[in-house]
Protein chains: 2
Amino acid sequence: MNLTQTIKRPTLHEELVERLRNLVVEDGLKPGEKVPEKELCESFGVSRTPLREALKVLASEGFVVLQANRGARVAEVTRQELENTFPVIAVLEQLAGELACQNLDADELAWIEKRHSAMLRAYQARDRTSYFQANQDVHQALIRGAKNDILEGHHKLLAARVRRVRFMANLSDERWAQAIDEHENMMNRLRARDSGGLGQLMKLHMMNKFAAHIQALDAQSGDTAAT
Amino acid sequence: MNLTQTIKRPTLHEELVERLRNLVVEDGLKPGEKVPEKELCESFGVSRTPLREALKVLASEGFVVLQANRGARVAEVTRQELENTFPVIAVLEQLAGELACQNLDADELAWIEKRHSAMLRAYQARDRTSYFQANQDVHQALIRGAKNDILEGHHKLLAARVRRVRFMANLSDERWAQAIDEHENMMNRLRARDSGGLGQLMKLHMMNKFAAHIQALDAQSGDTAAT
DNA sequence: AAACGTAATTATGAATTCATAATTCAGTCA
DNA sequence: TGACTGAATTATGAATTCATAATTACGTTT
């Protein structure tokens, strides 16, 4: 019996990092907005010290920007940043695909098959919410399956940063069909344990996804500019 | 004329992050060692608040480990971590190579040629220190040349984490010759602006380098175990 | 009324203080 | 002697305080 396990009591600032990051990622705080130290302190019931510690961490992760003597602002997600982030995520997914082929165990593969099926059903029903959930589950399981903490950690951070841009509405019928097709191919490569092939496909899948997003962004800003 | 440029006065904790990270990377604090808050405070002439803020950031970057109510320890570089980090660096360098081919300007290319030549000369003279410097310059310039801040930032962090392991002594004659050969090939691909080719080569170059390091590590620990 | 300058207010970075958890060190008993 | 107990000490996390920079509010001048 292992008695060394301590009671899981995360320190205050760690919890705050989580909650603040969520606030930023889930749009509780809008980009460019000033982070209201005082209000957050009382709403969380903590003093400024741990909150500010958390802000320093968030800043190093790129979610907020610190200005000397002017506090923190929620970082804007610029188009430039998106265009820089996407290819990095893509190569990380490529690596994840390669490693997952080698390291996935049977249980994990079964789970992925299950979520993949759920994703297909969601597509048939044109249920965007379920689709996105299942899709994210598949990708996450592939990353996990790579069994590489460093890879997982960096991927998670980058993914969180782009998740702030709400892409769900951007999914066109054509792109959706294409994405489904790509996922089918990925599953085939995975079942065959073709690591190079899966890696290539995942990278391509990501690049296609991102290209679609950028295109949608452009169309959007074009609209806005025209108005 | 741009008058919006502010006087570069970095905040205390930012400076501390730099200095502490350096201390860890450059081995001023040994892995596993407890981080002596008090001494560092007086040696830097600051109070605990900014120092602890810096430690939180270092922890999120993986250089130190925080234990609740037991302060910070310098993170150990485990073999597992090295084996996980290497492939991630490798794919980032691959991407950097691809992007650098597309985005390098003439000045940057000239600088790389210069440092590449210096590297060759250092090899002829078997001058390890100069070789490592020139080699690092080349790689850094290639990363910079990719013109992708996200890529650069993540690469820098990962590179710092493995730099803590002192590999210089591990360079065998065979591996050295091979590395030089790989660099020549890389330069040829770069001159031809063959982005896919350079990417492939850089990834391979990294994987070979890392394989050699792991081998050396094994030999070393084998020795130690035998003694 | 608009623009400027100055005082009041607020927000921020950093030092200090405080409560508590961890560690050290005696002293006790087997 | 050596393991255990419990008080003394130290270290740590978090709250509070403090000095100063930034912002706002208010008069003054034109």
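Sequence lines set the chain letters: A, B, ... in the order given, protein chains first and strands last, and positions in each chain run from 1.
By the salt bridge (Lys or Arg N to Asp or Glu O under 4.0 Å) test, R73(A) is found to be paired with no residue, residues two or more places apart in sequence or in another chain being considered. Under the rule for a side chain to side chain donor-acceptor pair (under 3.5 Å), the partners of Q94(B) that lie at least two apart in sequence or sit in another chain are Q200(B). For the salt bridge (Lys or Arg N to Asp or Glu O under 4.0 Å) test, no residue two or more places apart in sequence or in another chain qualifies with R164(A).
In this structure, R70(B) does not reach the dA21(C) phosphate: none of its side-chain N or O atoms is under 4.0 Å from OP1 or OP2.
As a whole-Å value, the separation of Q67(A) CD from dT12(C) C1' is 12 Å. Across the protein-nucleic acid pair, K56(B) atom NZ and dA14(C) atom P stand 15 Å apart, rounded to whole Å. The separation between E14(A) atom CD and dT12(D) atom C1' is 14 Å, rounded to whole Å. Here dT10(C) presents its C1' atom at 10 Å from NZ of K34(A), a figure rounded to the nearest Å. Taking atom CG of residue L40(A) and atom C1' of nucleotide dA11(C), one finds them 14 Å apart after rounding to whole Å. At whole-Å resolution of the value, CD in E37(A) and P in dA22(D) are 15 Å apart. Atom pair N69(A):CG and dT10(C):P shows a separation of 18 Å (rounding to whole Å applied). Between the P atom of dA14(C) and the CZ atom of F44(B) lies a distance of 15 Å, rounded to the nearest Å.
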Tabulate below the donor-acceptor pairs under 3.5 Å that side-chain atoms of residues 27-36 of chain B make, not counting sequence neighbours, or state none.
| residue | atom | partner | partner atom | Å |
| --- | --- | --- | --- | --- |
| K30(B) | NZ | D27(B) | O | 3.1 |
| E33(B) | OE1 | K30(B) | N | 2.8 |

Please table the atom pairs, donor to acceptor, closer than 3.5 Å between any side-chain atom in residues 95-103 of chain B and protein atoms at least two apart or in another chain.
| residue | atom | partner | partner atom | Å |
| --- | --- | --- | --- | --- |
| N103(B) | ND2 | L99(B) | O | 3.3 |
| N103(B) | ND2 | A146(B) | O | 3.2 |

Review item, nucleotides 15-18 of chain C N/O atoms under 3.5 Å of protein N/O:
| residue | atom | partner | partner atom | Å |
| --- | --- | --- | --- | --- |
| dA15(C) | OP2 | S47(B) | N | 2.9 |
| dA15(C) | OP2 | S47(B) | OG | 2.3 |
| dA15(C) | O5' | S47(B) | OG | 3.3 |
| dA15(C) | N7 | T49(B) | OG1 | 2.8 |
| dT16(C) | O4 | T49(B) | OG1 | 3.2 |

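Salt bridge status for E53(A) with R48(A): absent, with no side-chain N to carboxylate O gap under 4.0 Å.
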